[in-house]
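Everything below concerns the one structure shown next.
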Amino acid sequence: MYLATMPRFVNAFGGRAFEHGTAYVTQGIHAVALWLPPGVEPDEARMGAIMEETLRPEISEDIASIMKGMAEHHPRVPHWYLPFIATDPIWFGQGLGTLLMKHALRRCDEEGIAAYLESSNPRNISLYERHGFKITGRIQSGSSPVLTPMLRPAGKMG
């Protein structure tokens, strides 16, 4: 079920980056970052439909609470949004995530626009902090993993 559902969910969550030319990949496609430009949002209707058809009923309330928390923490000012970044596990520790972050954040700084993300992996928080992101809250419900919303004002790179 996961292998069939996850690509559909990633497409609904960050796929609009492809339409805007802001899906960044490394050579060899060992890492990818899907950035949504200011004013472009995930396809929430498709995300909701996918979750409705695939989630176990006992966690649906927690997921609804997490989605509400994500909406509450999402900045109201124009910003670039990173819904998805991933590295092939074979290539962890090679600096590919850093390469993708620097590429995207350079554009944020050139445009004078903030960047925002929610980290689903506590191990990645230090990477984001090195790039100027600051923790802005905590999103968690029931036994769900913690999501950490993080905002980076424009102009943080030299």
Side-chain angles (χ1 to χ4, degrees), residues 1-44 46-51 53-55 59 63 66-67 69-70 73-75 78-140 144-158:
M1 173 83 111
Y2 176 83
L3 291 178
T5 303
M6 191 60 179
R8 291 174 46 220
F9 187 79
V10 169
N11 191 34
F13 194 31
R16 289 181 172 158
F18 291 98
E19 300 165 19
H20 295 275
T22 54
Y24 305 126
V25 298
T26 60
Q27 187 173 356
I29 314 175
H30 301 303
V32 63
L34 303 179
W35 284 90
L36 299 181
V40 177
E41 298 293 331
D43 187 337
E44 291 183 20
R46 266 184 47 222
M47 288 171 54
I50 292 166
M51 288 188 291
E53 90 183 42
T54 60
L55 286 178
I59 66 169
I63 297 299
I66 289 166
M67 298 302 286
M70 288 173 70
H73 284 88
H74 212 86
H79 62 279
W80 281 85
Y81 178 46
L82 176 65
F84 188 79
I85 187 169
T87 300
D88 182 326
I90 295 170
W91 293 89
F92 280 163
Q94 303 296 311
L96 300 179
T98 294
L99 182 70
L100 290 171
M101 290 297 289
K102 284 182 177 180
H103 178 74
L105 294 176
R106 189 173 303 112
R107 183 170 184 179
C108 294
D109 292 342
E110 287 170 359
E111 296 176 0
I113 297 177
Y116 176 75
L117 59 83
E118 297 105 359
S119 178
S120 61
N121 186 340
R123 292 175 297 182
N124 291 342
I125 290 174
S126 63
L127 166 71
Y128 302 135
E129 287 175 330
R130 283 193 304 273
H131 290 284
F133 285 87
K134 302 282 186 226
I135 295 171
T136 60
R138 183 178 193 275
I139 304 167
Q140 201 265 336
S144 77
V146 173
L147 276 182
T148 304
M150 302 183 79
L151 182 66
R152 179 191 179 274
K156 289 295 178 183
M157 291 176 69

Starting from the C-alpha separation in whole Å, work towards a yes-or-no answer on side chain to side chain contact (heavy atoms under 4.5 Å, CB included) for L151 and F133. CA-CA 5 Å; L151 182 66; F133 285 87; 5.7 Å; no

What pairs of residues pass the salt bridge (charged side-chain N to carboxylate O under 4.0 Å, His left out) test when at least one of them lies in residues 13-27, not counting sequence neighbours?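 Counting only pairs at least two positions apart or across chains, the salt bridge (charged side-chain N to carboxylate O under 4.0 Å, His left out) contacts touching residues 13-27 are R16-D43.
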
Ignoring hydrogens, what is the shortest heavy-atom contact between [X] and [Y]? Give both atom names and the distance.
{"X": "H73", "Y": "I139", "answer": "ND1-CG1, 3.7 Å"}
{"X": "G132", "Y": "P153", "answer": "O-CD, 4.1 Å"}
{"X": "L34", "Y": "A23", "answer": "CD2-CB, 3.5 Å"}
{"X": "P149", "Y": "G137", "answer": "CD-O, 3.3 Å"}
{"X": "T87", "Y": "A31", "answer": "OG1-CB, 3.6 Å"}
{"X": "I125", "Y": "S119", "answer": "CG1-OG, 3.9 Å"}

According to side chain to side chain contact (heavy atoms under 4.5 Å, CB included), who are the partners of [X], at least two apart in sequence or on a separate chain?
{"X": "S120", "value": "L147"}
{"X": "I59", "value": "L55, R56, I63"}
{"X": "R123", "value": "N121"}
{"X": "A104", "value": "Y24, W35"}

As an exercise, state the distance from [atom1] of [X] to [atom2] of [Y], rounded to the nearest 0.5 Å.
{"X": "L105", "Y": "E110", "atom1": "CG", "atom2": "CD", "result": "11.0 Å"}
{"X": "M150", "Y": "L127", "atom1": "CE", "atom2": "CG", "result": "9.0 Å"}
{"X": "H79", "Y": "H74", "atom1": "NE2", "atom2": "NE2", "result": "3.0 Å"}
{"X": "N124", "Y": "I85", "atom1": "CG", "atom2": "CD1", "result": "8.0 Å"}
{"X": "W91", "Y": "I29", "atom1": "CH2", "atom2": "CD1", "result": "12.5 Å"}

Taken in chain and number order and not counting sequence neighbours, the residues that satisfy ring-ring contact (aromatic ring centres under 6.0 Å, His included) with F13 are F9

Does [X] have any side chain to side chain donor-acceptor pair (under 3.5 Å) partners at least two apart in sequence or in another chain, and if so, which?
{"X": "R46", "answer": "none"}
{"X": "D88", "answer": "none"}
{"X": "E111", "answer": "W80, R107"}
{"X": "Y116", "answer": "E118"}

Original post:
Counting N and O atoms only, with roles assigned by atom type, does the side chain of Q140 sit under 3.5 Å from a partner on the main chain of S144, one being a donor and the other an acceptor?
Top reply: yes

task: Under the side chain to side chain contact (heavy atoms under 4.5 Å, CB included) rule, what do M51 and M67 come out as? Steps first, then yes or no, please.
output: CA-CA 11 Å; M51 288 188 291; M67 298 302 286; 4.0 Å; yes

Does the side chain of [X] reach to within under 4.5 Å of the side chain of [Y], using non-hydrogen atoms?
{"X": "T136", "Y": "T148", "answer": "no"}
{"X": "H131", "Y": "K102", "answer": "yes"}
{"X": "Y81", "Y": "P75", "answer": "no"}
{"X": "M6", "Y": "I50", "answer": "no"}
{"X": "Q94", "Y": "H30", "answer": "no"}
{"X": "T26", "Y": "L99", "answer": "yes"}
{"X": "H20", "Y": "L36", "answer": "no"}
{"X": "R152", "Y": "E129", "answer": "no"}

Side chain to side chain contact (heavy atoms under 4.5 Å, CB included) between R8 and M47, intermediate numbers included
CA-CA 8 Å; R8 291 174 46 220; M47 288 171 54; over 6 Å; no

